[in-house]
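Comments concern the structure below.
In what follows, every heavy atom counts, from backbone to side chain, and hydrogens, waters and symmetry copies are set aside. Being a predicted model, the structure only gives us computed values, none of them experimental. Start at 1 and go down the list; that is how both ligands and their atoms are numbered.
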Amino acid sequence: MSAAGPADLTVVVTGRRMLTAEVCEFELRRRDGGLLEQAEPGAHITVHTPSGEARSYSLTSDLSDRSRYVIAVRRDGAGRGGSRSMVDEVTEGDSLTISSPRNAFELVDAPAYLLVAAGIGITPIRAMLIELRRRGVRDVQLVYASRSREDTPYLDELTELVAFDEIDGLMQPMTLHHRFLHGALDWWPLLESPGDRHLYVCGPEPLQNELRALTMHWRPSRVHMEDFAGISAFGGINLPFDLEWQPSGATITVPEAVTMLAALEGAGIDVDSSCDSGTCGTCRLRLIDGEADHRDVVLTESERRDFVMPCVSRAKSGRLVVAPL
Ligand code: FES
């Protein structure tokens, strides 16, 4: 586990409310009442939870208001305790250490948008909706999937937002899909004709895989995916590769079923880590040479040239050279 990093900030919890039986919203502010770092829709912060685990959560409120960040946390009873400790233990007045906002799910300027959220995946999508409404973008469609009406965070607020905009003629109606009620959703009619839309998807990996397969005819630059369940280091095809630790020149082999991080630790090279799922940003290393197979949700496209997250990422080339920050 790592301690807080240099860019970390201590904030105070100024509000919490249960949005559903499992999802709790937290409002975070600076203790001195000052402004928080500017964030854009799609950004997330990493929170050092009471359990000691670091967890990444999307910012979900109006990001033009820099007096507060708002996150929503789904209590995962089967998880490693990070979300459980947030929902069960964190109350108003508590302090939390958070990272600076990072954004690997940026909202690009486009004439039209199709926004797809599944369950807690609504959090970055909600911030995008608020921003697009402020910009007066006319062609925005939201598809919001969840298990049931009771399991749908922000449903009433979104319904109001969309209802208001229907009157304004600014937005198309929201499509709500409750899996327990409606069964499987047929995505094809929504995706068949890309037009000039950009697609934003925040939901679990199976949904992303399905939508990726159905958007093969879309321009890749118009399809944007976010998955905060974390990315498994063993989810893709893993090949062994050589890894050079630049400070010592030592070269180790990373076997196919071992992460870069574990291989480094096995060689006596200690790298700070926390989430082990490519979401918190703690384990970041400099990428000196070689082509990485990036599997994290932390690094932006431009950062991927120079950095790598060894807890999940691997190599496309047979050899990588890395160094500490
Ligand atoms: S340990 Fe969190 S991104 Fe690697």
Side-chain angles (χ1 to χ4, degrees), residues 1-9 39 42-59 71 73-74 76 79-86 96-106 124 202 204-205 208 225-236 238 241 243 245-246 252 254-255 257-288 290 292-316 320-325:
M1 295 293 162
S2 73
D8 287 349
L9 172 73
H44 66 272
I45 54 172
T46 298
V47 178
H48 297 262
T49 69
S51 70
E53 303 278 344
R55 286 288 174 270
S56 294
Y57 298 111
S58 294
L59 300 176
I71 58 173
V73 178
R74 185 173 68 82
D76 181 359
R80 283 174 293 169
S83 67
R84 225 170 29 239
S85 71
M86 285 292 290
L96 287 174
T97 300
I98 65 171
S99 72
S100 294
R102 301 186 182 99
N103 200 341
F105 193 46
E106 288 170 19
C202 189
E205 203 173 344
Q208 294 190 35
M225 304 259 176
E226 177 94 313
D227 173 15
F228 275 108
I231 295 174
S232 165
F234 308 116
N238 292 344
F241 60 97
L243 180 65
W245 183 246
Q246 193 195 41
I252 55 179
V254 181
V258 174
T259 64
M260 239 195 284
L261 187 68
L264 286 166
E265 284 170 358
I269 298 164
D270 204 17
V271 176
D272 277 350
S273 65
S274 184
C275 70
D276 292 337
S277 61
T279 60
C280 75
T282 304
C283 66
R284 178 188 296 230
L285 295 176
R286 281 196 297 135
L287 178 60
I288 308 297
D293 177 5
H294 294 284
R295 300 182 181 186
D296 62 278
V297 294
V298 173
L299 297 174
T300 62
E301 277 311 309
S302 59
E303 287 178 322
R304 289 181 169 203
R305 284 194 304 271
D306 301 316
F307 301 97
V308 65
M309 312 306 296
C311 65
V312 290
S313 296
R314 302 188 65 84
K316 282 184 182 163
L320 295 182
V321 182
V322 295
L325 297 182

### Message
If I compare all heavy atoms of S273 with all of E265, which pair ends up nearest, and what's the gap?
### Response
OG-OE2, 4.4 Å
## Note on the structure
side-chain contact (heavy atoms from CB on, under 4.5 Å) with W245: of V321, L285, I288, only one passes, and it is L285
### Message
How large, to 10°, is the angle at atom 4 (Fe) of ligand 1 when you draw lines to SG on C311 and to SG on C283?
### Response
100°
### Task
Check each atom of ligand 1 against the heavy atoms of M309 and keep those under 4.0 Å away; list them by number with element.
3 (S)
### Query
What is the nearest protein non-hydrogen atom to atom 3 (S) of ligand 1, stated with its residue, atom name and distance?
G281 N, 3.3 Å
### Message
At less than 4.0 angstrom from any non-hydrogen atom of S273, what atoms of ligand 1 do you find?
### Response
1 (S)
### Task
Using modelled atom types only, decide if a donor and an acceptor are shared between the side chain of S313 and the backbone of P310 within a distance under 3.5 Å.
no
### Query
If you look at every heavy atom in L325 and R284, which pair is closest and at what distance?
CG-O, 3.6 Å
